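These notes are about the structure you will find just below.
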Amino acid sequence: MGFAYDDQNIFAKILRGEIPNDTVYESVHALAFRDITPQAPTHVLVIPKGPYVSMDHFTQEASDAEIAGFMRAIGEVCKLEGVSDDGFRAISNAGVNGVQEVPHLHVHILGGRPLGRMLARET
Ligand code: AMP
């Protein structure tokens, strides 16, 4: 099964400069910007600049330089946002079970308050 990338997704439009974003950090391989609906005092989305749907797509098909650049960008965002001392959570939702809304790989960096357990327990 291949990965099909939809270049009309909202993060592709952000990368093309078609809609604005609140940029935190940018490099050759990555862009980081504030989530439009923040769920914590720090809520930044880090995305690769290449056309990848999800973490599995990216890590199967991206170049080593893209992967290194993307992971370094996460480190830079943590430093810029000052979340390393008190801690943070990095989340990447994928597909239907992951409840992914935007089909361009993104890692949520959440911090600035205690975030609770990783997953809600099923009742
Ligand atoms: P996910 O459910 O992991 O796909 O999360 C998508 C995230 O993108 C949500 O947290 C949204 O609030 C966020 N989002 C959607 N549109 C924008 C936008 N234009 N700028 C910034 N964040 C956005």
Side-chain angles (χ1 to χ4, degrees):
M1 188 197 92
F3 294 98
Y5 181 80
D6 170 15
D7 68 5
Q8 294 305 306
N9 77 76
I10 198 152
F11 295 169
K13 291 178 180 177
I14 285 175
L15 285 169
R16 289 194 295 267
E18 294 169 9
I19 59 172
N21 73 93
D22 187 356
T23 298
V24 171
Y25 175 79
E26 183 167 12
S27 68
V28 174
H29 292 299
L31 177 68
F33 52 92
R34 297 197 188 283
D35 196 292
I36 204 165
T37 310
Q39 296 183 46
T42 293
H43 190 170
V44 175
L45 302 174
V46 188
I47 69 173
K49 288 191 170 175
Y52 302 102
V53 176
S54 54
M55 188 68 83
D56 51 341
H57 185 197
F58 184 65
T59 52
Q60 288 173 40
E61 298 190 1
S63 69
D64 289 357
E66 289 176 295
I67 292 170
F70 180 65
M71 296 306 288
R72 293 283 188 204
I74 291 173
E76 290 298 325
V77 167
C78 290
K79 188 161 61 180
L80 289 167
E81 293 294 303
V83 295
S84 294
D85 284 350
D86 289 342
F88 64 95
R89 184 168 294 151
I91 300 173
S92 189
N93 299 314
V96 173
N97 282 356
V99 196
Q100 180 179 10
E101 292 173 13
V102 180
H104 181 111
L105 169 61
H106 49 285
V107 170
H108 299 253
I109 303 294
L110 295 146
R113 68 167 173 82
L115 295 163
R117 296 185 66 90
M118 184 171 70
L119 296 175
R121 291 179 190 278
E122 290 199 49
T123 52

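As the structure lists them, so they are numbered: ligands from 1, and atoms in each ligand from 1. As a basis for the values below, the full set of heavy atoms in this structure was taken, side chains included, without hydrogen atoms, waters or symmetry mates. Since this is a predicted model, take the numbers as computed values, not measurements.
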Any idea which of [options] brings a heavy atom closest to [atom]?
atom: atom 19 (N) of ligand 1; options: Asn9, Leu105, Ile10; answer: Ile10
atom: atom 2 (O) of ligand 1; options: His104, Lys13, His108, Glu101; answer: Glu101
atom: atom 7 (C) of ligand 1; options: Val102, Ile36, Asp35; answer: Asp35

Tell me whether [X] at atom [atom1] has more than 12 heavy atoms from other residues, nucleotides or ligands lying less than 6.0 Å away.
X: Asp7; atom1: CG; result: yes
X: Asp56; atom1: CG; result: yes
X: Arg72; atom1: CZ; result: no

Dump the intermediate steps for ring-ring contact (aromatic ring centres under 6.0 Å, His included) on His106 and Phe11, then the final yes or no. CA-CA 9 Å; His106 49 285; Phe11 295 169; 5.1 Å; yes

Verdict with supporting geometry, His29 and Phe70, ring-ring contact (aromatic ring centres under 6.0 Å, His included): CA-CA 6 Å; His29 292 299; Phe70 180 65; over 10 Å; no

Taking 4.0 angstrom as the limit and counting only heavy atoms of [X], give me the atoms of ligand 1 inside it, by number and element.
X: Thr37; result: 12 (O)
X: Phe33; result: 21 (C)
X: Gln100; result: 4 (O)
X: Val99; result: 2 (O)
X: Asn93; result: 1 (P), 2 (O), 3 (O)

Could you tell me whether a side-chain N or O of Gln100 sits under 3.5 Å from a main-chain N or O of Val102, the two making a donor and an acceptor? yes

Does the separation of the ring centres of His104 and Tyr5 fall below 6.0 angstrom? yes

Asp22, portion touching ligand 1 at heavy-atom distance under 4.0 Å: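 Neither part.
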
Which is it for Arg34 and ligand 1 at heavy atoms under 4.0 Å: side chain, backbone, both or neither?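 It is the backbone that touches ligand 1; the side chain stays farther off.
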
To which protein heavy atom is atom 8 (O) of ligand 1 closest, and what is the distance rounded to 0.1 Å? Phe11 CZ, 3.4 Å

Tell me, which protein residue and heavy-atom name are nearest atom 6 (C) of ligand 1, and how many Å apart are they?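 Nearest protein contact, heavy atoms only, for atom 6 (C) of ligand 1 is His106 NE2, 3.6 Å.
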
Kindly compute the distance separating OG1 (Thr59) from NE2 (His57), expressed to the nearest 0.5 Å. 9.5 Å

